[in-house]
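Nothing here was measured: the structure is a model prediction, and the numbers come from that model.
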Amino acid sequence: MLSNSILSAQLTDGHRELRSRAADHFTPQWLDKWRTAPDGHLRRETWQDLAANGFLGVSLPRELGGQGLGLLGALVLGEALAGARDGGIALAMHVQNEIACEWLLSARDRALRDRYLPGLLAGELVACQCDTDPSPEEPTTATTEGDRIVLHGRKKFVINGATADLCFVSAVLDGAPAIVAVEKSTPGVRVTEVYDKFGTRSVDSALVEFDGVRVAADQVVSRSGISQLMRWNRVMSRMRLLIAADAYFTHHALLEHITGHVRRRTLGGRPLGAWPVNAHALARARAHQELMEAGIADAYLRVTAGGSTVPEIAELKWFCVEKANELAVLATDLEGGAGYMWDSPSLRAHAQLRGFRMSGGSQTTMLTIANHSMACRAELDLAPAGGDGARRG
(Lines give C-alpha, C1' and ligand atoms only; values in the text may rest on other atoms or scores of the structure.)
Protein backbone atom coordinates (compact mmCIF):
# COMPACT_ATOMS: atom_id res chain seq x y z
CA MET A 1 0.00 0.00 0.00
CA LEU A 2 2.60 2.50 1.09
CA SER A 3 4.71 2.19 -2.06
CA ASN A 4 1.81 2.83 -4.42
CA SER A 5 -0.68 5.19 -2.78
CA ILE A 6 -1.26 8.80 -1.84
CA LEU A 7 1.12 8.27 1.09
CA SER A 8 4.04 7.12 -1.05
CA ALA A 9 5.06 10.74 -1.74
CA GLN A 10 5.54 11.26 2.00
CA LEU A 11 8.02 8.41 2.42
CA THR A 12 11.51 9.61 3.29
CA ASP A 13 14.77 7.74 2.89
CA GLY A 14 14.38 6.73 6.54
CA HIS A 15 10.94 5.22 5.88
CA ARG A 16 12.20 3.35 2.82
CA GLU A 17 15.21 1.98 4.72
CA LEU A 18 12.94 0.81 7.54
CA ARG A 19 10.55 -0.83 5.06
CA SER A 20 13.33 -2.76 3.34
CA ARG A 21 14.98 -3.86 6.56
CA ALA A 22 11.72 -4.84 8.27
CA ALA A 23 10.38 -6.73 5.23
CA ASP A 24 13.51 -8.91 5.24
CA HIS A 25 13.33 -9.43 9.00
CA PHE A 26 9.69 -10.29 9.76
CA THR A 27 9.14 -13.70 8.22
CA PRO A 28 7.30 -16.76 9.54
CA GLN A 29 10.72 -18.30 10.19
CA TRP A 30 11.71 -15.36 12.42
CA LEU A 31 8.47 -15.70 14.36
CA ASP A 32 8.90 -19.46 14.81
CA LYS A 33 12.34 -18.81 16.29
CA TRP A 34 10.93 -16.62 19.07
CA ARG A 35 7.75 -18.50 20.01
CA THR A 36 7.43 -20.29 23.34
CA ALA A 37 6.07 -23.30 21.37
CA PRO A 38 4.53 -23.92 17.93
CA ASP A 39 1.68 -21.40 17.66
CA GLY A 40 2.68 -20.08 21.10
CA HIS A 41 3.27 -16.48 22.11
CA LEU A 42 6.52 -14.54 21.98
CA ARG A 43 9.26 -15.27 24.48
CA ARG A 44 10.33 -12.49 26.82
CA GLU A 45 13.73 -11.98 25.16
CA THR A 46 12.10 -11.26 21.78
CA TRP A 47 11.76 -7.63 22.79
CA GLN A 48 15.49 -7.16 23.15
CA ASP A 49 15.95 -8.65 19.68
CA LEU A 50 13.40 -6.16 18.32
CA ALA A 51 15.25 -3.30 20.00
CA ALA A 52 18.65 -4.48 18.77
CA ASN A 53 17.32 -4.49 15.21
CA GLY A 54 15.81 -1.00 15.49
CA PHE A 55 12.10 -1.82 15.55
CA LEU A 56 11.10 -0.16 18.84
CA GLY A 57 10.23 3.53 19.05
CA VAL A 58 10.19 4.12 15.28
CA SER A 59 7.57 6.86 15.58
CA LEU A 60 9.16 8.69 18.53
CA PRO A 61 11.23 11.88 18.19
CA ARG A 62 14.95 11.31 17.85
CA GLU A 63 15.72 13.49 20.87
CA LEU A 64 13.82 10.98 23.03
CA GLY A 65 15.59 7.93 21.64
CA GLY A 66 13.23 7.17 18.76
CA GLN A 67 13.78 7.18 15.01
CA GLY A 68 11.69 10.26 14.25
CA LEU A 69 9.57 8.50 11.60
CA GLY A 70 6.20 9.44 13.09
CA LEU A 71 2.90 7.68 12.48
CA LEU A 72 3.93 6.91 8.91
CA GLY A 73 6.85 4.93 10.32
CA ALA A 74 4.40 2.91 12.41
CA LEU A 75 2.37 2.15 9.25
CA VAL A 76 5.53 1.12 7.38
CA LEU A 77 6.45 -1.22 10.24
CA GLY A 78 2.90 -2.62 10.35
CA GLU A 79 3.04 -3.48 6.66
CA ALA A 80 6.28 -5.42 7.20
CA LEU A 81 4.93 -7.17 10.31
CA ALA A 82 2.16 -8.67 8.19
CA GLY A 83 4.87 -10.82 6.59
CA ALA A 84 5.13 -12.82 9.82
CA ARG A 85 1.55 -14.04 9.16
CA ASP A 86 0.39 -13.67 12.75
CA GLY A 87 -1.24 -10.39 13.68
CA GLY A 88 -0.37 -10.78 17.35
CA ILE A 89 3.14 -9.40 16.89
CA ALA A 90 1.67 -6.25 15.30
CA LEU A 91 -0.79 -5.76 18.17
CA ALA A 92 1.95 -6.30 20.74
CA MET A 93 4.21 -3.74 19.10
CA HIS A 94 1.41 -1.20 18.69
CA VAL A 95 0.87 -1.36 22.47
CA GLN A 96 4.58 -1.00 23.18
CA ASN A 97 5.42 1.65 20.57
CA GLU A 98 2.26 3.72 20.33
CA ILE A 99 0.20 3.36 23.52
CA ALA A 100 2.78 3.02 26.29
CA CYS A 101 5.25 5.48 24.80
CA GLU A 102 2.49 7.99 24.09
CA TRP A 103 1.31 7.91 27.72
CA LEU A 104 4.85 8.59 28.90
CA LEU A 105 5.50 11.33 26.35
CA SER A 106 2.35 13.20 27.31
CA ALA A 107 2.62 12.67 31.08
CA ARG A 108 2.94 15.86 33.12
CA ASP A 109 5.68 14.33 35.25
CA ARG A 110 8.79 14.09 33.06
CA ALA A 111 10.39 11.88 35.71
CA LEU A 112 7.99 9.10 34.67
CA ARG A 113 9.20 9.35 31.08
CA ASP A 114 12.83 9.31 32.18
CA ARG A 115 12.18 6.35 34.47
CA TYR A 116 10.48 4.05 31.99
CA LEU A 117 10.97 5.17 28.38
CA PRO A 118 14.62 4.05 27.99
CA GLY A 119 13.69 0.56 29.19
CA LEU A 120 10.78 0.33 26.75
CA LEU A 121 12.96 1.39 23.83
CA ALA A 122 15.70 -1.07 24.81
CA GLY A 123 13.26 -3.98 25.08
CA GLU A 124 14.20 -4.39 28.73
CA LEU A 125 10.65 -3.45 29.75
CA VAL A 126 7.47 -4.67 28.07
CA ALA A 127 4.24 -2.70 28.48
CA CYS A 128 0.54 -3.52 28.47
CA GLN A 129 -2.63 -1.42 28.48
CA CYS A 130 -5.22 -2.71 30.97
CA ASP A 131 -8.66 -1.53 29.86
CA THR A 132 -11.42 -4.14 29.92
CA ASP A 133 -13.24 -4.62 33.23
CA PRO A 134 -15.23 -7.84 33.78
CA SER A 135 -18.45 -5.78 33.58
CA PRO A 136 -19.69 -2.20 34.12
CA GLU A 137 -20.72 -3.28 37.60
CA GLU A 138 -17.13 -4.29 38.43
CA PRO A 139 -15.01 -1.24 37.60
CA THR A 140 -11.37 -0.94 38.52
CA THR A 141 -11.15 1.74 41.20
CA ALA A 142 -8.37 3.72 42.83
CA THR A 143 -8.33 6.02 45.84
CA THR A 144 -5.80 8.53 47.05
CA GLU A 145 -4.37 7.85 50.49
CA GLY A 146 -1.80 10.52 51.31
CA ASP A 147 1.02 10.22 48.80
CA ARG A 148 -0.14 6.77 47.61
CA ILE A 149 -2.75 5.44 45.18
CA VAL A 150 -4.54 2.23 46.17
CA LEU A 151 -5.86 0.19 43.22
CA HIS A 152 -8.49 -2.57 43.17
CA GLY A 153 -9.87 -4.44 40.16
CA ARG A 154 -9.42 -6.98 37.38
CA LYS A 155 -8.63 -6.47 33.69
CA LYS A 156 -9.50 -9.03 31.02
CA PHE A 157 -7.97 -9.86 27.63
CA VAL A 158 -4.87 -7.73 28.25
CA ILE A 159 -2.46 -7.81 25.28
CA ASN A 160 1.08 -8.50 26.57
CA GLY A 161 -0.54 -9.04 29.97
CA ALA A 162 1.49 -12.10 30.95
CA THR A 163 4.80 -10.83 29.58
CA ALA A 164 4.60 -7.17 30.57
CA ASP A 165 6.67 -5.49 33.26
CA LEU A 166 4.70 -2.22 33.21
CA CYS A 167 0.90 -1.90 33.20
CA PHE A 168 -1.01 1.23 32.19
CA VAL A 169 -4.28 0.73 34.05
CA SER A 170 -7.55 2.50 33.30
CA ALA A 171 -9.23 3.17 36.63
CA VAL A 172 -11.82 5.37 38.31
CA LEU A 173 -9.57 7.42 40.59
CA ASP A 174 -11.45 9.25 43.36
CA GLY A 175 -14.56 9.13 41.16
CA ALA A 176 -13.00 10.26 37.87
CA PRO A 177 -11.19 8.48 34.97
CA ALA A 178 -7.41 8.12 35.13
CA ILE A 179 -4.50 6.09 33.81
CA VAL A 180 -2.11 4.72 36.45
CA ALA A 181 1.31 3.21 35.67
CA VAL A 182 1.85 0.07 37.77
CA GLU A 183 4.95 -2.10 37.77
CA LYS A 184 4.04 -5.77 37.53
CA SER A 185 6.37 -6.57 40.43
CA THR A 186 4.29 -4.43 42.82
CA PRO A 187 2.68 -6.52 45.61
CA GLY A 188 -0.95 -7.30 44.81
CA VAL A 189 -0.50 -7.57 41.02
CA ARG A 190 -1.21 -11.08 39.73
CA VAL A 191 -1.68 -12.72 36.34
CA THR A 192 -4.40 -15.24 37.08
CA GLU A 193 -5.10 -16.57 33.57
CA VAL A 194 -3.38 -16.62 30.19
CA TYR A 195 -6.07 -17.19 27.58
CA ASP A 196 -5.98 -19.83 24.86
CA LYS A 197 -6.99 -17.88 21.76
CA PHE A 198 -8.18 -18.65 18.24
CA GLY A 199 -5.96 -16.09 16.50
CA THR A 200 -3.18 -13.53 17.07
CA ARG A 201 -1.49 -16.20 19.14
CA SER A 202 2.00 -14.71 18.92
CA VAL A 203 1.00 -12.23 21.63
CA ASP A 204 -0.31 -13.40 25.00
CA SER A 205 -3.64 -12.12 26.33
CA ALA A 206 -4.14 -12.38 30.06
CA LEU A 207 -6.38 -11.69 33.04
CA VAL A 208 -4.54 -9.33 35.40
CA GLU A 209 -5.74 -8.63 38.95
CA PHE A 210 -4.91 -5.63 41.14
CA ASP A 211 -5.70 -6.41 44.77
CA GLY A 212 -5.02 -3.44 47.02
CA VAL A 213 -2.03 -2.41 44.93
CA ARG A 214 -0.27 0.63 46.40
CA VAL A 215 1.76 2.91 44.12
CA ALA A 216 3.13 6.42 44.46
CA ALA A 217 0.71 9.22 43.53
CA ASP A 218 3.13 10.40 40.85
CA GLN A 219 2.42 7.14 38.94
CA VAL A 220 -0.81 8.70 37.64
CA VAL A 221 0.06 9.49 34.02
CA SER A 222 -3.30 11.01 33.10
CA ARG A 223 -6.41 12.02 35.01
CA SER A 224 -9.90 13.45 34.46
CA GLY A 225 -10.59 16.59 32.47
CA ILE A 226 -10.40 17.77 28.89
CA SER A 227 -6.69 16.95 28.66
CA GLN A 228 -7.37 13.34 29.80
CA LEU A 229 -10.11 12.96 27.17
CA MET A 230 -7.96 14.43 24.41
CA ARG A 231 -5.00 12.20 25.27
CA TRP A 232 -7.19 9.10 25.51
CA ASN A 233 -8.73 9.87 22.13
CA ARG A 234 -5.31 10.44 20.59
CA VAL A 235 -3.91 7.17 21.91
CA MET A 236 -6.92 5.06 20.92
CA SER A 237 -7.36 6.70 17.51
CA ARG A 238 -3.75 5.92 16.61
CA MET A 239 -4.19 2.32 17.79
CA ARG A 240 -7.42 1.89 15.81
CA LEU A 241 -5.90 3.38 12.67
CA LEU A 242 -3.01 0.93 12.89
CA ILE A 243 -5.41 -2.00 13.40
CA ALA A 244 -7.43 -0.84 10.38
CA ALA A 245 -4.18 -0.89 8.41
CA ASP A 246 -3.35 -4.36 9.80
CA ALA A 247 -6.71 -5.59 8.49
CA TYR A 248 -5.97 -4.00 5.13
CA PHE A 249 -2.59 -5.72 4.90
CA THR A 250 -4.24 -9.05 5.75
CA HIS A 251 -6.96 -8.41 3.15
CA HIS A 252 -4.38 -7.51 0.49
CA ALA A 253 -2.34 -10.69 1.01
CA LEU A 254 -5.44 -12.87 1.19
CA LEU A 255 -6.97 -11.40 -1.97
CA GLU A 256 -3.73 -12.06 -3.85
CA HIS A 257 -3.68 -15.64 -2.55
CA ILE A 258 -7.29 -16.50 -3.33
CA THR A 259 -7.22 -14.82 -6.75
CA GLY A 260 -4.33 -17.10 -7.71
CA HIS A 261 -6.17 -20.11 -6.27
CA VAL A 262 -9.37 -19.58 -8.28
CA ARG A 263 -7.37 -19.16 -11.48
CA ARG A 264 -5.66 -22.52 -10.97
CA ARG A 265 -8.58 -24.48 -9.54
CA THR A 266 -11.19 -25.72 -12.02
CA LEU A 267 -14.85 -26.59 -11.61
CA GLY A 268 -17.06 -27.91 -14.39
CA GLY A 269 -14.27 -27.59 -16.91
CA ARG A 270 -13.36 -23.93 -16.28
CA PRO A 271 -11.45 -21.95 -13.66
CA LEU A 272 -13.32 -21.45 -10.39
CA GLY A 273 -12.84 -17.68 -10.73
CA ALA A 274 -14.54 -17.65 -14.15
CA TRP A 275 -17.92 -18.50 -12.66
CA PRO A 276 -19.86 -15.20 -12.39
CA VAL A 277 -20.84 -15.65 -8.74
CA ASN A 278 -17.18 -15.95 -7.75
CA ALA A 279 -15.95 -13.26 -10.14
CA HIS A 280 -18.51 -10.79 -8.75
CA ALA A 281 -17.61 -11.60 -5.13
CA LEU A 282 -13.90 -11.04 -5.77
CA ALA A 283 -14.63 -7.83 -7.68
CA ARG A 284 -16.44 -6.53 -4.58
CA ALA A 285 -13.43 -7.50 -2.48
CA ARG A 286 -11.14 -5.51 -4.81
CA ALA A 287 -13.45 -2.50 -4.51
CA HIS A 288 -13.44 -2.81 -0.72
CA GLN A 289 -9.65 -2.94 -0.78
CA GLU A 290 -9.45 0.33 -2.70
CA LEU A 291 -11.86 1.94 -0.23
CA MET A 292 -9.74 0.72 2.68
CA GLU A 293 -6.60 2.18 1.14
CA ALA A 294 -8.26 5.54 0.53
CA GLY A 295 -9.72 5.59 4.04
CA ILE A 296 -6.40 4.80 5.71
CA ALA A 297 -4.62 7.52 3.72
CA ASP A 298 -7.34 10.05 4.56
CA ALA A 299 -7.29 9.13 8.27
CA TYR A 300 -3.51 9.41 8.38
CA LEU A 301 -3.65 12.90 6.87
CA ARG A 302 -6.38 13.92 9.34
CA VAL A 303 -4.47 12.62 12.35
CA THR A 304 -1.19 14.24 11.38
CA ALA A 305 -3.00 17.53 10.73
CA GLY A 306 -4.28 17.46 14.31
CA GLY A 307 -7.97 17.19 13.43
CA SER A 308 -10.71 15.45 15.41
CA THR A 309 -10.96 11.93 14.02
CA VAL A 310 -12.42 9.71 16.74
CA PRO A 311 -15.69 8.71 14.98
CA GLU A 312 -14.11 8.62 11.53
CA ILE A 313 -11.35 6.25 12.62
CA ALA A 314 -13.84 4.11 14.56
CA GLU A 315 -15.84 3.80 11.32
CA LEU A 316 -12.67 3.02 9.39
CA LYS A 317 -11.56 0.33 11.82
CA TRP A 318 -15.02 -1.26 11.64
CA PHE A 319 -15.06 -1.18 7.82
CA CYS A 320 -11.55 -2.54 7.26
CA VAL A 321 -11.88 -5.36 9.78
CA GLU A 322 -15.42 -6.24 8.68
CA LYS A 323 -14.62 -6.40 4.97
CA ALA A 324 -11.38 -8.30 5.51
CA ASN A 325 -13.32 -10.79 7.62
CA GLU A 326 -15.91 -11.17 4.82
CA LEU A 327 -13.13 -11.97 2.36
CA ALA A 328 -11.63 -14.53 4.76
CA VAL A 329 -14.98 -16.32 5.02
CA LEU A 330 -15.35 -16.31 1.23
CA ALA A 331 -11.77 -17.50 0.74
CA THR A 332 -12.15 -20.48 3.08
CA ASP A 333 -15.20 -21.56 1.06
CA LEU A 334 -13.39 -21.11 -2.27
CA GLU A 335 -10.58 -23.33 -1.00
CA GLY A 336 -13.11 -26.10 -0.43
CA GLY A 337 -12.14 -28.70 2.14
CA ALA A 338 -8.63 -27.26 2.32
CA GLY A 339 -10.11 -24.01 3.64
CA TYR A 340 -11.04 -25.70 6.90
CA MET A 341 -7.61 -27.20 7.54
CA TRP A 342 -5.37 -25.25 9.94
CA ASP A 343 -2.58 -24.83 7.38
CA SER A 344 -4.95 -22.97 5.03
CA PRO A 345 -3.83 -19.35 4.43
CA SER A 346 -7.50 -18.34 4.36
CA LEU A 347 -8.35 -19.93 7.69
CA ARG A 348 -5.19 -18.49 9.25
CA ALA A 349 -6.17 -15.03 8.01
CA HIS A 350 -9.66 -15.51 9.42
CA ALA A 351 -8.14 -16.32 12.82
CA GLN A 352 -5.99 -13.17 12.78
CA LEU A 353 -8.99 -11.04 11.89
CA ARG A 354 -10.95 -12.38 14.85
CA GLY A 355 -8.22 -10.87 17.02
CA PHE A 356 -8.45 -7.55 15.19
CA ARG A 357 -12.22 -7.49 15.74
CA MET A 358 -11.72 -7.26 19.50
CA SER A 359 -8.51 -5.24 19.78
CA GLY A 360 -8.67 -1.47 20.23
CA GLY A 361 -12.38 -1.81 20.97
CA SER A 362 -14.82 -4.38 19.60
CA GLN A 363 -16.69 -3.95 16.33
CA THR A 364 -19.82 -3.25 18.38
CA THR A 365 -17.97 -0.45 20.18
CA MET A 366 -16.83 1.01 16.85
CA LEU A 367 -20.41 1.10 15.58
CA THR A 368 -21.59 2.66 18.84
CA ILE A 369 -19.03 5.47 18.56
CA ALA A 370 -20.01 6.07 14.93
CA ASN A 371 -23.74 6.04 15.73
CA HIS A 372 -23.31 8.52 18.58
CA SER A 373 -21.42 10.81 16.23
CA MET A 374 -24.10 10.58 13.55
CA ALA A 375 -26.84 11.22 16.12
CA CYS A 376 -25.05 14.32 17.40
CA ARG A 377 -24.57 15.64 13.88
CA ALA A 378 -28.24 15.06 13.09
CA GLU A 379 -29.25 16.88 16.27
CA LEU A 380 -27.08 19.85 15.30
CA ASP A 381 -28.61 19.90 11.83
CA LEU A 382 -32.10 20.04 13.36
CA ALA A 383 -31.24 22.64 16.01
CA PRO A 384 -33.09 25.97 15.63
CA ALA A 385 -31.01 28.82 14.24
CA GLY A 386 -30.27 31.95 16.26
CA GLY A 387 -31.23 35.44 15.19
CA ASP A 388 -28.18 35.71 12.96
CA GLY A 389 -28.83 32.32 11.38
CA ALA A 390 -26.19 30.53 13.50
CA ARG A 391 -27.02 27.42 15.47
CA ARG A 392 -27.33 27.76 19.24
CA GLY A 393 -25.17 25.87 21.71
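Residues satisfying the side chain to side chain contact (heavy atoms under 4.5 Å, CB included) criterion with His257, sequence neighbours excluded, are Leu254, Glu335, Pro345, Ser346. Remark: Glu322 engages Arg357, Gln363 in a side chain to side chain donor-acceptor pair (under 3.5 Å) (not counting sequence neighbours).
Asn160 CG to Gln129 CD: the interatomic distance, rounded to the nearest 0.5 Å, is 11.0 Å. Interatomic distance, Gln219 CD to Leu151 CG, rounded to the nearest 0.5 Å: 11.5 Å. Atom OG1 of Thr250 and atom CD of Gln352 lie 7.0 Å apart (nearest 0.5 Å). Atom CG of residue Asn53 and atom CG of residue Asp49 lie 5.0 Å apart, to the nearest 0.5 angstrom. Thr140 OG1 to His152 NE2: the interatomic distance, rounded to the nearest 0.5 Å, is 11.0 Å. For the atom pair OG of Ser135 and NZ of Lys156, the computed distance is 8.5 Å after rounding to the nearest 0.5 Å.
Within the 4.5 Å cutoff, the side chain of Lys184 has heavy atoms near those of the Val191 side chain. Within the 4.5 Å cutoff, no side-chain heavy atoms of Lys197 are placed close to those of Arg354. Annotation: side chain of Val262 is not in contact with side chain of Pro271 (no heavy-atom distance under 4.5 Å). Side-chain contact between Cys130 and Phe210 is present, with at least one heavy-atom pair separated by less than 4.5 Å. In this structure, Leu56 and Asn97 have side chains that are in contact, with non-hydrogen atoms separated by less than 4.5 Å.
A donor-acceptor pair shorter than 3.5 Å cannot be found between the side chains of Glu45 and Trp34. For the residue pair Glu293 and Tyr248, a side-chain donor N or O sits within less than 3.5 Å of a side-chain acceptor on the partner. Looking only at atom types and distance, the side chain of Thr365 has no donor-acceptor partner in the side chain of Thr368 under 3.5 Å away. Donor-acceptor pairing under 3.5 Å is lacking for the side chains of Thr309 and Arg302. A donor-acceptor pair shorter than 3.5 Å can be found between the side chains of Asp333 and Tyr340.
Glu102 has no carboxylate O lying under 4.0 Å from a charged side-chain N of Arg238, or vice versa, which leaves the two without a salt bridge. At a threshold of 4.0 Å, the pair Asp133-Lys155 counts as salt-bridged, since one of the basic side-chain nitrogens sits closer than that to a carboxylate oxygen.
In the displayed structure, Arg110 atom CZ is contacted under 6.0 Å by at most 12 heavy atoms of other residues, nucleotides or ligands. Atom CZ of Arg85 is surrounded by 12 or fewer heavy atoms from other residues, nucleotides or ligands within 6.0 Å. Heavy-atom neighbours of Arg265 CZ from other residues, nucleotides or ligands within 6.0 Å: at or below the threshold of 12. Heavy atoms of other residues, nucleotides or ligands lying less than 6.0 angstrom from CZ of Arg263 number 12 at most. Atom CD of Glu256 has 12 or fewer neighbouring heavy atoms from other residues, nucleotides or ligands inside a 6.0 Å radius.
Tracing side-chain contacts under 4.5 Å through hydrophobic residues (I, L, V, M, F, W, Y), one reaches Phe249 starting from Leu31; they form part of the same cluster. Transitive grouping of hydrophobic side chains (ILVMFWY, heavy atoms separated by less than 4.5 Å) brings Trp103 and Ile159 into a common cluster. Hydrophobic clustering keeps Leu117 apart from Trp47 (ILVMFWY residues linked when any side-chain heavy atoms are closer than 4.5 Å, directly or through intermediates). Under the 4.5 Å side-chain heavy-atom criterion for ILVMFWY residues, a single connected hydrophobic cluster contains both Trp318 and Ile296.
Ring planes of His350 and Phe198: perpendicular class, angle over 60° (limits at 30 and 60°).
Heavy atoms only, all atoms of each residue included: Phe319 and Met292 are closest at CE2-CG, 4.0 Å. A pairwise comparison of heavy atoms in Ala51 and Gly123 identifies CB-N, 3.8 Å as the closest pair. Contact between Leu241 and Ala299 at its shortest, heavy atoms only, is CD1-CB, 3.8 Å. Taking both residues in full, the closest heavy atoms of Ala107 and Leu112 are given as CB-CD1, 4.4 Å, listed atom of the first, atom of the second, then distance. Summarising the geometry of Phe157 relative to Tyr195, their closest heavy-atom pair is N-CE1, 3.4 Å, with the distance given to 0.1 Å. Minimum interatomic distance between Ala171 and Ala142 (heavy atoms only, all atoms of both residues): CB-CB, 4.4 Å.
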Worked verdict on Arg35 versus His41 for side chain to side chain contact (heavy atoms under 4.5 Å, CB included):
CA-CA 5 Å; Arg35 287 186 185 271; His41 54 74; over 6 Å; no
Run the numbers on Asp39 and Arg348 for salt bridge (Lys or Arg N to Asp or Glu O under 4.0 Å), then give the verdict.
CA-CA 11 Å; Asp39 274 335; Arg348 290 274 181 166; 3.1 Å; yes
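Between the side chain of Thr12 and the backbone N or O of His15, at least one donor-acceptor pair lies under 3.5 Å. Side-chain atoms of Arg148 never come within 3.5 Å of backbone atoms of Thr144 as a donor-acceptor pair (strictly under, hydrogens ignored). At least one donor-acceptor pair closer than 3.5 Å links the side chain of Ser237 to the backbone N or O of Asn233. Remark: side-chain polar atoms of Asp298 are not paired, donor with acceptor, to backbone N or O of Ala294 under 3.5 angstrom. Panel note: side chain Ser20, backbone Arg16; no donor-acceptor pair is recorded below 3.5 Å.
Geometrically, Arg270 engages Trp275 in a cation-pi contact defined by less than 6.0 Å to the ring centre and at most 45° from the axis.
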For residues 58-78, run the donor-acceptor check on the side chains, cut-off 3.5 Å, and write out each pair with its distance to 0.1 Å, sequence neighbours left out.
| from | atom 1 | to | atom 2 | distance (Å) |
| --- | --- | --- | --- | --- |
| Ser59 | OG | Glu98 | OE1 | 3.3 |
| Ser59 | OG | Glu98 | OE2 | 2.9 |
| Arg62 | NH2 | Gln67 | O | 3.3 |
| Gln67 | NE2 | Gly54 | O | 2.4 |

